[in-house]
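Here's a structure for you.
By convention in this document, chain letters (A, B, ...) are assigned in the order of the sequence lines, proteins followed by strands, and residues within each chain are numbered from 1. Since this is a predicted model, take the numbers as computed values, not measurements.
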Amino acid sequence: MPELPEVESVRRGIQAWAQGARVDRVRILDPRILGTTSNRLIAPEAPARLTAELTGRELASVERRGKFMWLPLRHCSDDTASGSAGGDAVAEPSPARALSVHLGMSGQFRVHESTDPMHRHTRAILGLERAGRERLELRFVDQRIFGHLGVDDLVDSHGASVPRSVSHIALDPLDPLYDPERTARRIQAKRTGMKSALLDQTVISGIGNIYADEALFAARVHPLAPTQTTRISRIRTVLAKAEAVMRDSLAQGGTSFDALYVHVNGESGYFERSLQVYGRGGLPCNRCETPIVRERFMNRSSHFCPVCQRKP
DNA sequence: ATTTTGTCCTGCGAGC
DNA sequence: TGCTCGCAGGACAAAA
């Protein structure tokens with residue numbers, strides 16, 4: 001399940017290939033990836049519209065906030081020259097639109113040559129033309145179609161330019177502008193459990209079910225500990241552990257449980273072997289040997305040590 | 001207003 | 001053997 005470390009791994013993975021490339025071909029194989037998880041009504045003309053928006057554009061960079069990625073678009077220099085017929089020579093305008101990407105549960109970006117065999121769950125293909133280098137394809141593969149592709153206006157949010165669809169997402173712990181103290185106070189102001197707060201992408205972004213469980217274990221805090229009565233120092237610790245565990249994971253290329261998360265070249269990350277509680281229900285706690293408990297609440301599995309993480 | 005619940009989707013494995 | 005059922009969970013609309 002791609003969370004911050006996995007998405008950042010993918011961002012770094014495609015950056016070298018995508019940055020500065022020109023989109024010369026777009027194929028939408030399954031239009032459902034153009035919708036959101038809650039809006040599956042795809043206008044019939046949506047694929048053609050996205051294709052028109054992207055074709056001929058240059059991908060300026062690859063950005064990320066939390067689990068969201070986007071690639072700001074700009075007109076290629078030759079396009080600009082022919083487009084502004086006889087107009088004043090203006091400086092390259094800052095990108096106003098971006099290709100926005102969410103990997104959902106099972107989304108992957110894979111770098112391929114166009115002759116490579118097609119993966120069964122390929123949902124979209126961007127053909128990339130790169131000055132002086134061979135053509136390649138960026139393929140969006142997504143088994144469960146929780147992922148999303150779209151083109152969106154760039155707007156200002158938390159001191160950065162992000163797609164409108166990302167503007168409500170909070171800064172993540174790897175963002176230079178991230179403020180852990182402010183985040184801790186916001187969490188304490190909520191009336192909910194600690195795990196719910198960590199998963200609220202408008203409070204802190206990038207944390208999903210795996211790293212929420214791992215951070216709470218590392219901080220010795222129960223997932224259902226009420227935010228309001230948890231001491232601010234404990235909340236600070238949880239945030240520090242969340243950041244630490246995600247940085248560790250990133251250094252190991254992220255967590256790969258199965259073939260659902262892989263790098264752009266198809267290789268897996270190695271953080272799974274470092275997980276302390278997630279996926280370890282019934283196995284002994286690495287600190288106290290007590291069997292790790294797996295319980296379902298919030299419609300999700302939560303994994304924790306009943307001894308190390310005292311009940312609220 | 002804020003918090004919780006339900007929904008989307010596919011493949012796989014357990015159980016009968 | 002073949003079927004059904006449950007499970008995996010990110011984000012968001014809807015309900016509470």
Side-chain angles (χ1 to χ4, degrees), chain A residues 1-8 10 29-42 46 64-70 100-109 119-124 140-150 152 157 162-170 172 185-216 223-230 242 246 254-262 272 275 277-282 294-303 312:
Chain A
M1 306 95 223
E3 303 179 28
L4 188 152
E6 292 77 31
V7 179
E8 176 62 12
V10 171
L29 305 180
D30 191 326
R32 287 178 296 178
I33 54 152
L34 305 182
T36 64
T37 54
S38 55
N39 178 17
R40 295 273 152 184
L41 299 173
I42 314 296
R64 183 191 56 75
R65 173 176 289 175
K67 306 169 197 169
F68 291 78
M69 266 193 304
W70 65 94
S100 61
V101 180
H102 198 291
L103 301 178
M105 267 285 291
S106 52
Q108 308 171 1
F109 259 126
H119 187 286
R120 182 181 172 190
H121 302 303
T122 306
R123 311 299 184 185
F140 189 73
V141 178
D142 186 7
Q143 179 194 107
R144 294 181 195 166
I145 324 184
F146 276 25
H148 171 76
L149 292 182
D152 214 352
S157 157
V162 309
R164 190 181 306 282
S165 54
V166 180
S167 59
H168 63 297
I169 299 297
D172 64 67
R185 285 197 300 267
R186 281 196 63 192
I187 288 175
Q188 199 176 45
K190 289 175 72 81
R191 302 178 58 89
T192 185
M194 279 299 295
K195 182 169 177 181
S196 293
L198 289 179
L199 293 175
D200 184 341
Q201 304 296 305
T202 68
V203 173
I204 180 172
S205 69
I207 301 174
N209 205 39
I210 297 175
Y211 297 107
D213 283 357
E214 293 298 312
L216 290 167
L224 291 177
T227 49
Q228 292 215 297
T229 54
T230 300
M246 291 197 292
T255 303
S256 306
F257 265 99
D258 41 33
L260 289 190
Y261 162 72
V262 291
E272 187 195 345
L275 296 177
V277 285
Y278 187 88
R280 295 195 65 243
R294 175 185 163 195
E295 266 179 25
R296 273 189 88 72
F297 39 81
M298 299 161 45
N299 259 338
R300 299 279 177 274
S301 286
S302 287
H303 311 73

- [ ] May I ask you to verify if any side-chain N or O of Q143(A) is less than 4.0 angstrom from the OP1 or OP2 atom of dG11(B)?
- [x]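 It does not, given that no N or O in the side chain of Q143(A) lies less than 4.0 Å from OP1 or OP2 of dG11(B).
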Open item on the list: Please report the distance, rounded to the nearest Å, between CG in L4(A) and P in dA11(C).
Closed with: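 Roughly 11 Å, once rounded to whole Å.
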- [ ] Decide, yes or no, whether a salt bridge links D172(A) with K67(A) under the criterion of side-chain N to carboxylate O below 4.0 Å.
- [x]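 A salt bridge is absent here (no side-chain N lies under 4.0 Å from a carboxylate O).
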Open item on the list: It should be established whether H102(A) places a side-chain nitrogen or oxygen under 4.0 Å from OP1 or OP2 of nucleotide dA11(C).
Closed with: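 Answer is yes, contact under 4.0 Å.
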Open item on the list: Just the rounded figure in Å: distance from P of dC8(B) to CZ of R123(A).
Closed with: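 Whole-Å distance recorded here is 17 Å.
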Task: N/O donor-acceptor pair under 3.5 Å between R64(A) side chain and G66(A) backbone - done: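 Yes, the answer is positive, given that a donor and an acceptor are paired below the 3.5 Å cut-off.
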Open item on the list: By nearest heavy atom, map R120(A) and A189(A) onto DNA chain B; which one lands nearer the 5' end?
Closed with: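 Going by which nucleotide is closer to the 5' end, it is A189(A).
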Open item on the list: Using OP1 and OP2 only, check whether a side-chain N or O of T192(A) sits under 4.0 Å from dT4(B).
Closed with: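 For T192(A), the contact criterion (side-chain N or O under 4.0 Å from OP1 or OP2 of dT4(B)) is met.
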Open item on the list: Does R300(A) contact dG10(C) through a side-chain donor or acceptor facing the base, at a distance under 3.5 Å?
Closed with: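 For R300(A), whose side chain was compared with the base of dG10(C), there is a donor-acceptor pair (under 3.5 Å).
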- [ ] Could you tell me the separation between the CZ atom of R144(A) and the C1' atom of dT7(B), rounded to a whole number of Å?
- [x]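 Atom CZ in R144(A) sits about 15 Å away from atom C1' in dT7(B).
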Task: Atom pair distance, as rounded to whole Å: NZ in K195(A) and P in dT4(B) - done: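 It is 14 Å, rounded to the nearest whole Å.
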Task: Length of the line joining D200(A):CG and dT2(B):P, which is rounded to integer Å - done: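 Whole-Å distance recorded here is 11 Å.
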Open item on the list: For a side chain to side chain donor-acceptor pair (under 3.5 Å) check, start with the C-alpha distance between D152(A) and S100(A), then their side-chain angles and the critical distance, and finish with the verdict.
Closed with: CA-CA 7 Å; D152(A) 214 352; S100(A) 61; 4.6 Å; no
TODO: Return the nearest nucleotide to the side chain of H168(A); candidates are dG6(B), dC12(C), dA11(C).
DONE: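 The answer is dC12(C).
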Open item on the list: Does dG11(B) have OP1 or OP2 under 4.0 Å away from a side-chain N or O of H121(A)?
Closed with: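 Affirmative; the distance criterion is met.
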Task: Distance, nearest 0.5 Å, that separates OG1 of T192(A) from CG of L224(A) - done: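 Spacing of OG1 (T192(A)) from CG (L224(A)) equals 9.0 Å.
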- [ ] Just compare dT10(B), dG10(C), dT3(B) and give me whichever is closest to any side-chain atom of N209(A).
- [x]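 Closest nucleotide to the N209(A) side chain: dG10(C).
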Task: Nucleotide dC9(B), atom P - distance to CG of L103(A) in whole Å - done: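 Spelled out: CG on L103(A) to P on dC9(B) is 19 Å.
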Open item on the list: Just to be sure I understand the rule, does F68(A) reach a base, reach only the sugar-phosphate, or reach nothing, if contact means heavy atoms closer than 4.0 Å?
Closed with: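 Since only primed, P, OP1 and OP2 atoms lie under 4.0 Å of F68(A), the category is sugar-phosphate.
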Open item on the list: What is the distance, to the nearest angstrom, from the CG atom on N299(A) to the P atom on dA15(C)?
Closed with: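 After rounding, the gap between these two atoms is 17 Å.
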Open item on the list: Without decimals, in angstroms, what is the distance between Q201(A) CD and dA13(C) C1'?
Closed with: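 Interatomic distance, CD of Q201(A) to C1' of dA13(C): 17 Å.
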- [ ] Check whether any side-chain N or O of K190(A) sits under 4.0 Å from OP1 or OP2 of dT2(B), and answer yes or no.
- [x]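 The answer is no; no side-chain N or O of K190(A) sits under 4.0 Å from OP1 or OP2.
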Task: Expected output: side-chain T202(A) to main-chain H168(A) donor-acceptor under 3.5 Å - done: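 Not a single qualifying donor-acceptor pair exists.
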